[in-house]
Amino acid sequence: MELVVSQLLTGLSIASILMLVALGLAIIYGVTGVINLAHGEFVMLGAYCAWFLQTQLGLGLIASLVPIFIILALFGWIIEALVIRHLYARPLDTILATWGIGVMAQQAVRLTAGGELRYVEMPAALASSVNIFGATESAYRLFILGLALSLFALTWYIYRHTSFGLKLRAITQNRDIASSFGINSARVYRSTFAYGAGIAGLAGALVSPLKSVSPEMGTTYVVDAFMVVVLGGAQSLFGTVASSGILGELTGFLAFHSNDTIAKALVLLAIVILIRFRPQGLFSARVRS
Amino acid sequence: MTTNRRKFLQGTAALGAASLGGFPHIWSKNGMLARAQDGQIKVGVLFSLTGTTAIIEESLNKATIMAIEEINAAGGVNGMEIVPVVEDPASDPATFAEKARKLVLSDKCVSVFGSYTSASRKAVLPVFEKQNNLYWYPTLYEGRECSKNVIYTGAVPNQQQDDFVPWLVENFGKRWYLIGSNYIYPKEENNYCKKLLAELGGEVVAEEYVPLGHSEFSSVINKLKAEKPDVIFSTVVGDSVVALHRQYHAAGLDPETMPMASLTTSENEVAAMGGAAAAGHFTSAPYFMVWDSPENQKFVEAYRSRWGGDKVTHFVSEPSYFQIYLFKQAVEKLAASDIDPNTIREAVKGEQFQAPQGLVKVEPENLHAWLRPKIGRCKSDGQFEILKQSADWLEPDPYKAYANQSCTAEGLKEV
């Protein structure tokens, strides 16, 4: 019992981090169709913001979350306005452009903050561990899980139950027709990009107490995020949750019974096989084409 | 490379015609050997200043440069100045080889000091063996290498583990969990560790390798909770060390009952993970920054006043420093006209030096250093508390895990 619960919790914990990292990417890709290779760097910048706010301004991690979301959303907003909006019709060029933005962000951080590994202090209230059905789990990991689910719920609510979400769905189905009905699609795209970047920043800030903070940290996260989005289906928010859940539990299970090296390989293999037979991912929104 | 030979010959022929006088001696074997001349001793300094391992290699570069400056300020070597030629191999093994070739062939350095990773050392090795030059390698490494062209001043597995493993078994117990990054260094260290454990009646409950750069340790921690080993023997490197310690700490595991014993966690890594996550865990190394000796006090003070008051010295930067002094002592024994890699190698054999870590000596047979390893427990302020120093000077034996092989002055011997 104890082992089963702790296994489940481990999987959920891995899943929650995957989902946090993938959510921003899924929103941006799902709505605008931009393959954002700088996504990992948004995560990295979020982590560095957390580090900066904590070491320079003495702000605790939880108090920094809102400022970090705003900073990264602003950053996303500017990137969209300066670069991305000129490239919507040229998907291949966005890959190159966002990759370039990522490289520049990495080097800018290296030059200003230095290349040393950094860490962010965990909130003291969450530094303990909690007992659930005999299994112990770090309170901080449970906090990440809770926050990831709330962020998803918030995003879901915006997407499904607000007029902004309605416009978003309309544009996702057909941008030209939506525009002809008077929806300002350029503004919706920009807000979406900013929101996605903000979520990525939050993801970076939240993982920073558990992992090391370095200019290159984004590279691994962008791979994980793409794995989740590809498996879940690009235009489905629900798919993102489901696929991070599946990948998290699968990785946790395989890693427990063999090791992390093998788990990583097997998970990638499973995804390759799956997209061979289901290229649209597990869940795909019904979109008229 | 072989296809380039013709081009190379054509090129040198043309060059030789253009600059008569300079080139002819390149054709005779002895003339090819780099040599000190005009009151200057040229040496290469080959540590990455850019790229992924630049952070740590920069500190090795700094320790090396500082030692050279100290020696020159004190009058040089028999009145001759040591002239460092600094190259940046950019954390890339191929660039290491290229820069090494440049330092040896065109700068004619009589020795090169460099490398942090084993990959970069392996990449330059053919250059030094072919040109019969000398490479000085300051990093602890996995052993199992025998070259008459490399002086190894860092620890090999037997030096870090011979005292450490029995001490841990005695104090914590016999059930060990081995975890490392997935590459050669952790595997060789674990080979030796398993051998020692078998002799002591210990048990390896798991041996596990995570991908390089891995940062999600929740499954590993789950396994630790389930297995409850007495000791976690960790050879995880780089940013994974930080993630492992931080997640271990977050999971509420207790170093009192299940400590991590590491060969790779220095003051440098501790600074990156924070003292709270590192406190209570153990490291074995010949050098710690807090080591109490007049030489170390002088070294730390000089390092901080030269490079900045917040800088740490650690078990790779210290050998980078003292190996320059070993070089100096070797060259001092030679006549000015006689300084080349061959004579330096012969002169450094058996040479001793009072280093910050204590007395060190170059073993004449395998050119590795005799060291006295220490066991340190990390404190929450980021420094170590030294609990024990090995009673004896430990002989370096890069093939200790392999009973049928040994490294001698004539090369690798199969028994």
Side-chain angles (χ1 to χ4, degrees), chain A residues 2-3 6-15 17-18 107 110 114-122 126-131 135-141 144 207-217 219-221 224 248 251-265, chain B residues 48-59 91 179-183 206-223 225-227 236 238-254 268-278 310 312:
Chain A
E2 184 190 324
L3 194 64
S6 95
Q7 247 331 99
L8 278 176
L9 283 174
T10 300
L12 282 179
S13 173
I14 300 176
I17 292 174
L18 281 177
Q107 299 308 323
R110 185 181 279 282
E116 295 99 319
L117 300 176
R118 310 280 187 187
Y119 68 94
V120 172
E121 216 55 84
M122 201 169 280
L126 298 168
S128 54
S129 52
V130 179
N131 200 320
T136 51
E137 182 61 75
S138 144
Y140 186 74
R141 281 187 180 270
I144 293 189
V207 299
S208 62
L210 289 176
K211 309 192 174 185
S212 64
V213 178
S214 72
E216 296 86 23
M217 67 185 282
T219 330
T220 46
Y221 291 114
D224 287 347
T251 309
F253 178 80
L254 290 172
F256 188 79
H257 290 284
S258 56
N259 62 55
D260 282 286
T261 309
I262 290 175
K264 189 143 213 156
Chain B
S48 303
L49 305 174
T50 55
T52 47
T53 53
I55 304 297
I56 188 110
E57 293 195 40
E58 220 180 290
S59 66
S91 311
I179 179 158
S181 294
N182 197 6
Y183 76 110
E207 180 182 359
E208 174 162 3
Y209 299 95
V210 297
L212 276 169
H214 188 67
S215 67
E216 181 56 73
F217 284 96
S218 48
S219 295
V220 170
I221 282 165
N222 237 350
K223 279 188 260 189
K225 283 181 191 163
E227 287 285 358
V236 168
D239 39 1
S240 301
V241 174
V242 177
L244 175 61
H245 276 84
R246 291 199 65 82
Q247 290 171 35
Y248 175 104
H249 186 59
L253 298 180
D254 183 10
N268 215 39
E269 281 77 14
V270 172
M273 68 179 76
D310 59 335
V312 295

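Chain naming here is simple, since letters A, B, ... match the order of the sequence lines and numbering starts at 1 in each. Every heavy atom of this structure was used, including side-chain atoms; hydrogens, water molecules and symmetry mates were not.
Contacts between B:Ala226 and chain A at a heavy-atom distance below 4.5 Å involve the side chain alone, from C-beta outward. Contact of A:Leu126 with chain B is not made at all, since no heavy-atom distance falls under 4.5 Å. Contact of A:Val130 with chain B is not made at all, since no heavy-atom distance falls under 4.5 Å. Heavy-atom distances place no part of A:Tyr140 under 4.5 Å from chain B, backbone and side chain included. Heavy atoms closer than 4.5 Å to chain B are found in both the backbone and the side chain of A:Leu210. Contact of A:Ser128 with chain B is made through the backbone alone, with heavy-atom distances under 4.5 Å. A:Ser258 touches chain B through its backbone: at least one of N, CA, C or O sits under 4.5 Å from a heavy atom, while the side chain does not.
Between atom CD1 of residue B:Ile56 and atom CD of residue A:Glu116 there is a gap of 11.0 Å, rounded to the nearest 0.5 Å. Residue A:Lys211 holds its NZ atom at 7.5 Å from NE2 of B:His214, rounded to the nearest 0.5 Å. Separating the OG1 atom in A:Thr136 from the CG atom in B:Leu253 is a distance of 7.5 Å, to the nearest 0.5 Å.
Comparing B:Ala206, B:Gly238, B:Pro211 by how many heavy-atom pairs each has under 4.5 Å with chain A, the most go to B:Pro211. Among B:Glu216, B:His245, B:His249, the residue making the largest number of heavy-atom pairs under 4.5 Å with chain A is B:Glu216. Contact count against chain A (heavy-atom pairs under 4.5 Å) is highest for B:Asn222 among B:Val242, B:Asn268, B:Asn222. When each of B:Gly252, B:Ala276, B:Ser215 is checked for heavy-atom pairs under 4.5 Å with chain A, B:Ser215 comes out on top.
The minimum heavy-atom distance linking B:Ala250 with A:Met122 is given by the pair CB-CE, 3.5 Å. Considering every non-hydrogen atom in both B:Met273 and A:Tyr119, the closest pair reads C-CD2, 3.5 Å.
Crowding of A:Phe253 atom CZ: a count of heavy atoms from other residues, nucleotides or ligands under 6.0 Å not exceeding 12. No more than 12 heavy atoms of other residues, nucleotides or ligands sit less than 6.0 Å from atom NZ of A:Lys264.
A donor-acceptor pair under 3.5 Å is formed between the side chain of B:Arg246 and the backbone N or O of A:Pro209. Of the possible polar contacts, none joining the B:Lys225 side chain to the A:Ser6 backbone as a donor-acceptor pair under 3.5 Å is found.
Proximity of B:Ser219 to A:Ile14: side-chain heavy atoms (C-beta onward) are separated by under 4.5 Å at one or more points. The shortest side-chain heavy-atom distance between A:Asp260 and B:Glu208 falls under the 4.5 Å cut-off. Residues B:Ser218 and A:Arg141 are in side-chain contact: their nearest non-hydrogen atoms beyond the backbone lie under 4.5 Å apart.
In this model, no donor atom of one side chain and acceptor atom of the other lie less than 3.5 Å apart for A:Ser214 and B:Asp239.
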